[in-house]
Amino acid sequence: MQFHHNGYVSADPRVEPAAGAGIDRPSQMPDVMDVLIVGAGPAGIITAAQLSQFPDVHTRIIDRRPGRLEIGQADGIQSRTVETFQAFGFAEQITAEAYIIKETTFWNPDPQNPEHIIRTDRTPDDPTGVSEFPHLVVNQARVIDYFAQFAANSPARTVPDYGWDFKELSVEEGQEYPVKVTLVGCGEDNEGLERVVRAKYVVGADGARSNVRRSIGAKLSGDKANHAWGVMDTLGLTNFPDVRTKCAIHSKAGSILLIPREGGQLFRLYVDLGEVPEGDNGKVRETPLEEIIERAKAILNPYSLEVKDVAWHSVYEVGHRLADRFDDVPVEEIGTREPRVFITGDACHTHSAKAGQGMNVSMQDGFNLAWKLGYVLSGQAPDSLLRTYSDERKVIAKDLIDFDKKWSSIMAATPEELVGQEGVAEFYVRTAEFPAGFMTEYETSELTAGKDHQELAAGFPMGKRFRSSQVMRVADVNPKHLGHHHRADGRYRIYVFADQQPVGQSEQLAELSRWLLEDEQSPVVRFTPKGADADALFDIKVIYQQDYTTMNVNDAPKVFRPNVGQFGLMDYEKVYTALGDSDIFDERQVSREGAIVIVRPDMYVANILPLSARDELASFFAPIMREQA
């Protein structure tokens, strides 16, 4: 963390100085704003948090609740999401209060006594070691709290406006604030008050019954499985030995997915309520809590369960639905105009809760969209950048729904139905990377280059998230995870993996540095805002191959030692080298001849190039950036 570059800071360095829209930010809802986010759930709050790093963008986020969420429905936090938390600076804190999933156990009927269940298998949660971060369980409300704190402490000082409900919107092009939005007050001080506000863009993060989706005419389509589940967060006494371990339980009486919760005693039970008859018309959702508890007891036989308290419970029918588009541009108008309204999270894709994907994928929707809105509204990118949101995220949502259909059907199957078929344990191991969040792979587009040079860094697959590895920071000889320096500050990362020449002796790196800092075709020269630090838009780091004890940080080319802040102090955190016992060049299959790896603001690999490919580097950014006057 760097925070003295503009002078000595004695207070909490996580509270950044207010700037732009954060200076004298109106406490009451204004009449106009750049972005209006509807819904302060996970998808909405991460969007607000990322946009809060763009001080020139005035963002408001509304929610119909009177205040912060206290009890959240979602609780599973996949490893990819914890990587995202690291970018927002709170992975360590939230991990400390979370339950960490290390293993999953599988229970099935005892062949000797089929009325009883026995443990039949167990598997590590991350069998392939795909991430250094764990799989967590923590209340959705706490996730929102951390993002809200980040947003409030950021330069734009973004905080939710509670007590406002969305009614309708219309788009009136040709105006500075073309989206006309009608809001209705639902708080103590504004009950029933109707207000019209205007925004340049609106983000609908308002859930599965989204009124924003309805306003833009987008349609959800899909199917509803004929199976219902009861879910409850339970405090109870039981002699079931794996109550503090994630479990998939199949018995003659039905199925349970058991998820231990944070705090040491709380656990969640997803209880199979069986098939829903035709014409039920939602009656199953009226299943009393007492019936859910009795079913859970029967499934756990021969173990006992005495429920002492239920913090929250619900009944749901598994449904898989996908919106036909994620923005307000009808299919027949794509390419003729740019979107003004977007939908994220449950507003555009719904599925079961048992795979632990809803909140995780929803947050990646918001992360994907927010930096693009920030670039466009800050004048750093053309409006056309916003077309890529729907293109990229709709594919991911479709993959999620296909996965969840398979997972839900296996969980709902009886032991007899699974005989001779792939079971829960086998499916869980085979597909481990998908639910962990690491199978997202953006297709070739203006934001993601082709794989022409993939062999230069095979361990950083194009379009997938940048997988971190440890390196040595030369200036202070601290081993660091390279990817942990990727902050949610809206910057592109350009990682330069050096050739085998010692520091200061590589002509390729010297030429690259001169070109980046001086050539008129360099993205640093063309696109960095005038008067800003040299690394304001591109965070450029170098990773050498030599032993750090043989190196002098001052020998690294100037682009890796920029002067920043009002005093022009040197940034010491951009020069790294490989660790002897954990060599990033070997671990990530990076060519010893060197490579350039470009990573998007939302942490996905955008391009891989040779050290000499300056023309390709220039042409990659040209269509997605706007030249600064």
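One is the number of the first residue; the rest follow in order along the sequence.
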Participant: Looking only at heavy atoms, which two atoms of A148 and I45 are closest? And how far apart?
Facilitator: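 Closest approach of A148 to I45, heavy atoms only: N-CG1, 3.9 Å.
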
Participant: Return the minimal non-hydrogen interatomic distance between P479 and L579, and the atom names on each side.
Facilitator: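 Shortest heavy-atom contact: CB-CD1, 4.3 Å.
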
Participant: Taking the side chain as everything from C-beta on, heavy atoms only, tell me whether D365 gets closer than 4.5 Å to H349.
Facilitator: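 In contact.
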
Participant: I need the L369 CG to I37 CD1 distance, nearest 0.5 Å.
Facilitator: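 These two atoms lie 8.5 Å from each other.
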
Participant: Using a 6.0 Å cut-off, check whether atom CD of E441 has over 12 heavy atoms from anything other than its own residue.
Facilitator: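 More than 12 within 6.0 Å, yes.
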
Participant: Among D125, T104, T81, which residue satisfies the side-chain hydrogen bond (donor to acceptor under 3.5 Å, both in side chains) criterion with H135?
Facilitator: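 Exactly one pass, corresponding to D125.
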
Participant: For T95, check side chain to side chain contact (heavy atoms under 4.5 Å, CB included) against everything at least two apart and list the hits.
Facilitator: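 Once residues adjacent in sequence are excluded, the partners of T95 under the side chain to side chain contact (heavy atoms under 4.5 Å, CB included) criterion are V82, I100, P134, L136.
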
Participant: Mind checking what makes ring-ring contact (aromatic ring centres under 6.0 Å, His included) contact with Y375, not counting sequence neighbours?
Facilitator: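 Partners of Y375 under the ring-ring contact (aromatic ring centres under 6.0 Å, His included) test: W371.
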
Participant: Do I77 and F85 touch side chain to side chain, with heavy atoms closer than 4.5 Å?
Facilitator: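 I77 reaches F85 side chain to side chain.
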
Participant: Can you run down the salt bridge (Lys or Arg N to Asp or Glu O under 4.0 Å) pairs that involve residues 37-53, sequence neighbours left out, and say none if there aren't any?
Facilitator: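 Sorted result for residues 37-53: empty, none.
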
Participant: Without hydrogens or angle criteria, can the side chains of T440 and Q364 be said to hold a donor-acceptor pair below 3.5 Å?
Facilitator: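 Side chains of T440 and Q364: no pair found under 3.5 Å.
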
Participant: side-chain contact (heavy atoms from CB on, under 4.5 Å) for V605 and K464? Distances and angles first, verdict last.
Facilitator: CA-CA 6 Å; V605 178; K464 298 186 76 171; 5.9 Å; no

Participant: Roughly how far apart are L257 CG and C247 SG, rounded to 0.5 Å?
Facilitator: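 Atom-to-atom, L257:CG and C247:SG are 8.5 Å apart.
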
Participant: Can you tell me if S154 uses its side chain to pair, donor with acceptor, with the backbone of A156 under 3.5 Å?
Facilitator: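 No, the answer is negative, given that no donor and acceptor are paired below the 3.5 Å cut-off.
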
Participant: Would the distance check show the side chain of T238 and the main-chain N or O of F240 forming a donor-acceptor pair, the cut-off being under 3.5 Å?
Facilitator: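 Yes, because the side chain of T238 sits within donor-acceptor range (under 3.5 Å) of the backbone of F240.
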
Participant: Minimum heavy-atom separation for D75 and M359, please, with both atom names.
Facilitator: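 Heavy atoms of D75 and M359 come nearest at N-CE, 4.1 Å.
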
Participant: Please walk me through it: do L258 and R268 pass side-chain contact (heavy atoms from CB on, under 4.5 Å)?
Facilitator: CA-CA 6 Å; L258 186 155; R268 173 168 290 187; over 6 Å; no

Participant: Grab the two heavy atoms, one from E97 and one from Y146, that are nearest each other, plus how far apart they are.
Facilitator: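 Looking at all heavy atoms of both residues, the shortest contact is OE1-OH, 2.7 Å.
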
Participant: Is the centre of the F460 ring less than 6.0 Å from the centre of the Y495 ring?
Facilitator: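 When the ring centroids of F460 and Y495 are compared, they turn out to be at least 6.0 Å apart.
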
Participant: Kindly write out the residues that satisfy salt bridge (charged side-chain N to carboxylate O under 4.0 Å, His left out) with E306, not counting sequence neighbours, or none if the list is empty.
Facilitator: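 E306 satisfies salt bridge (charged side-chain N to carboxylate O under 4.0 Å, His left out) with K308 once adjacent residues are dropped.
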
Participant: Check whether the side chains of R393 and Y442 place a donor and an acceptor atom closer than 3.5 Å, and report yes or no.
Facilitator: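 Yes, Y442 and R393 have a side-chain donor paired with an acceptor closer than 3.5 Å.
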
Participant: For F267, what residues pass the ring-ring contact (aromatic ring centres under 6.0 Å, His included) criterion, not counting sequence neighbours?
Facilitator: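 Per chain and number, F267 pairs via ring-ring contact (aromatic ring centres under 6.0 Å, His included) with no residue.
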
Participant: Between R244 and R261 (side chain of the first, backbone of the second, donor and acceptor by atom type, cut-off under 3.5 Å), is there such a pair?
Facilitator: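 Yes, R244 side chain to R261 backbone: donor-acceptor pair under 3.5 Å.
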
Participant: Could you walk me through whether N368 and Y604 pass the side-chain contact (heavy atoms from CB on, under 4.5 Å) check?
Facilitator: CA-CA 10 Å; N368 180 293; Y604 287 88; over 6 Å; no

Participant: Heavy-atom count check: over 12 atoms from other residues, nucleotides or ligands less than 6.0 Å from R209 CZ?
Facilitator: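 No, because the 6.0 Å sphere around CZ of R209 holds 12 heavy atoms or fewer from other groups.
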
Participant: So, do V477 and M472 sit near enough that their side-chain heavy atoms are less than 4.5 Å apart?
Facilitator: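 A side-chain contact exists here, since the closest heavy-atom pair is under 4.5 Å.
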
Participant: Which atom pair, heavy atoms only, marks the closest approach of T350 to D346?
Facilitator: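 Closest approach of T350 to D346, heavy atoms only: CG2-O, 3.5 Å.
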
Participant: Test side-chain contact (heavy atoms from CB on, under 4.5 Å) on K451 and M462 and set out the steps.
Facilitator: CA-CA 7 Å; K451 299 183 179 182; M462 193 71 67; 4.0 Å; yes

Participant: Excluding sequence neighbours, so at least two apart, what forms side chain to side chain contact (heavy atoms under 4.5 Å, CB included) with D63?
Facilitator: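 By the side chain to side chain contact (heavy atoms under 4.5 Å, CB included) rule, D63 matches A40, R65, Y162.
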
Participant: Measure from the side-chain N and O atoms of S210 to the backbone N and O of D206, and report whether any donor-acceptor pair falls under 3.5 Å.
Facilitator: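 No: the side chain of S210 does not pair with the backbone of D206.
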
Participant: For E294, check side chain to side chain contact (heavy atoms under 4.5 Å, CB included) against everything at least two apart and list the hits.
Facilitator: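 Side chain to side chain contact (heavy atoms under 4.5 Å, CB included) list for E294, sorted by chain: K297.
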
Participant: Establish, from distance only, whether the side-chain atoms of S582 and Q470 form a donor-acceptor pair under 3.5 Å.
Facilitator: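 Distance-only check fails for S582 and Q470.
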
Participant: Among residues at least two apart in sequence or on other chains, which ones pass side-chain hydrogen bond (donor to acceptor under 3.5 Å, both in side chains) with K398?
Facilitator: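 K398: side-chain hydrogen bond (donor to acceptor under 3.5 Å, both in side chains) contacts with D402.
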
Participant: How many angstroms lie between CZ in R600 and CZ in R493, if you round to the nearest 0.5 Å?
Facilitator: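 Separation between the atoms: 14.0 Å.
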
Participant: Hey, what do you get for CD1 (I396) to NZ (K394), rounding to the nearest 0.5 Å?
Facilitator: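 Here the rounded value is 13.0 Å.
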
Participant: Judged by atom type as modelled, is there a donor-acceptor pair below 3.5 Å linking the side chain of R467 to the main-chain atoms of G459?
Facilitator: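 The answer is no, because no donor-acceptor pair under 3.5 Å joins these two groups.
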
Participant: Would you name the heavy atoms of K252 and P109 that are closest together and state the gap between them?
Facilitator: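 Heavy atoms of K252 and P109 come nearest at N-CG, 4.3 Å.
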
Participant: Measure from the side-chain N and O atoms of R80 to the backbone N and O of V361, and report whether any donor-acceptor pair falls under 3.5 Å.
Facilitator: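 Judged by distance alone, no pair lies under 3.5 Å.
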
Participant: Would you call K574-D539 a salt bridge at under 4.0 Å N-O?
Facilitator: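 A salt bridge is present here (some side-chain N lies under 4.0 Å from a carboxylate O).
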
Participant: Assess the side chains of Q53 and E16: does a donor N or O sit below 3.5 Å from an acceptor N or O?
Facilitator: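 Result is yes, a qualifying pair exists.
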
Participant: What pairs with D242 under side-chain hydrogen bond (donor to acceptor under 3.5 Å, both in side chains), at least two apart in sequence or on another chain?
Facilitator: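 Scan of D242 (side-chain hydrogen bond (donor to acceptor under 3.5 Å, both in side chains), adjacent residues dropped) gives T105, W107, R119.
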
Participant: If we only count heavy atoms from C-beta on, is the I144 to R68 side-chain gap below 4.5 Å?
Facilitator: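 They are not in contact (no side-chain heavy atoms under 4.5 Å apart), so the answer is no.
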
Participant: Within the 4.5 Å heavy-atom criterion, are P111 and I118 side-chain neighbours or not?
Facilitator: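 With C-beta onward as the side chain, the pair touches.
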
Participant: Distance from W229 atom CH2 to Y316 atom OH, nearest 0.5 Å?
Facilitator: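 Going from CH2 on W229 over to OH on Y316, the span is 7.0 Å.
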
Participant: Are any side-chain N or O atoms of T120 and backbone N or O atoms of F106, one a donor and one an acceptor, separated by less than 3.5 Å?
Facilitator: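 Between the backbone of F106 and the side chain of T120 there is a qualifying donor-acceptor contact (under 3.5 Å).
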
Participant: So, using salt bridge (charged side-chain N to carboxylate O under 4.0 Å, His left out) as the criterion, who are the partners of E573 when residues are at least two apart?
Facilitator: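 If we apply the salt bridge (charged side-chain N to carboxylate O under 4.0 Å, His left out) test to E573, skipping adjacent residues, the hits are R473.
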
Participant: In chain order, what residues pass the side-chain hydrogen bond (donor to acceptor under 3.5 Å, both in side chains) check against E455, with sequence neighbours excluded?
Facilitator: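 If we apply the side-chain hydrogen bond (donor to acceptor under 3.5 Å, both in side chains) test to E455, skipping adjacent residues, there are no hits.
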
Participant: F585: what forms a ring-ring contact (aromatic ring centres under 6.0 Å, His included) with it, not counting sequence neighbours?
Facilitator: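 Listed in chain order: F497.
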
Participant: Is any side-chain heavy atom of V35 less than 4.5 Å from a side-chain heavy atom of T47?
Facilitator: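 Not touching, per the 4.5 Å side-chain cut-off.
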
Participant: Please confirm whether the backbone N or O of D602 pairs with a side-chain atom of H486, one donor and one acceptor, at under 3.5 Å?
Facilitator: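 Between the backbone of D602 and the side chain of H486 there is no qualifying donor-acceptor contact (under 3.5 Å).
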
Participant: Using 0.5 Å steps for rounding, measure from the CD atom of E103 to the CG atom of D121.
Facilitator: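 The CD atom of E103 sits 10.0 Å away from the CG atom of D121.
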
Participant: Taking the six-membered ring for Trp, are H484 and F133 closer than 6.0 Å centroid to centroid?
Facilitator: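 So the answer is yes for these two rings.
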
Participant: Counting N and O atoms only, with roles assigned by atom type, does the side chain of T287 sit under 3.5 Å from a partner on the main chain of V284, one being a donor and the other an acceptor?
Facilitator: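 Between the backbone of V284 and the side chain of T287 there is a qualifying donor-acceptor contact (under 3.5 Å).
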
Participant: Ignoring hydrogens and angles, tell me if any N or O in the side chain of Y389 forms a donor-acceptor pair with the backbone of G366 under 3.5 Å.
Facilitator: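 No: the side chain of Y389 does not pair with the backbone of G366.
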
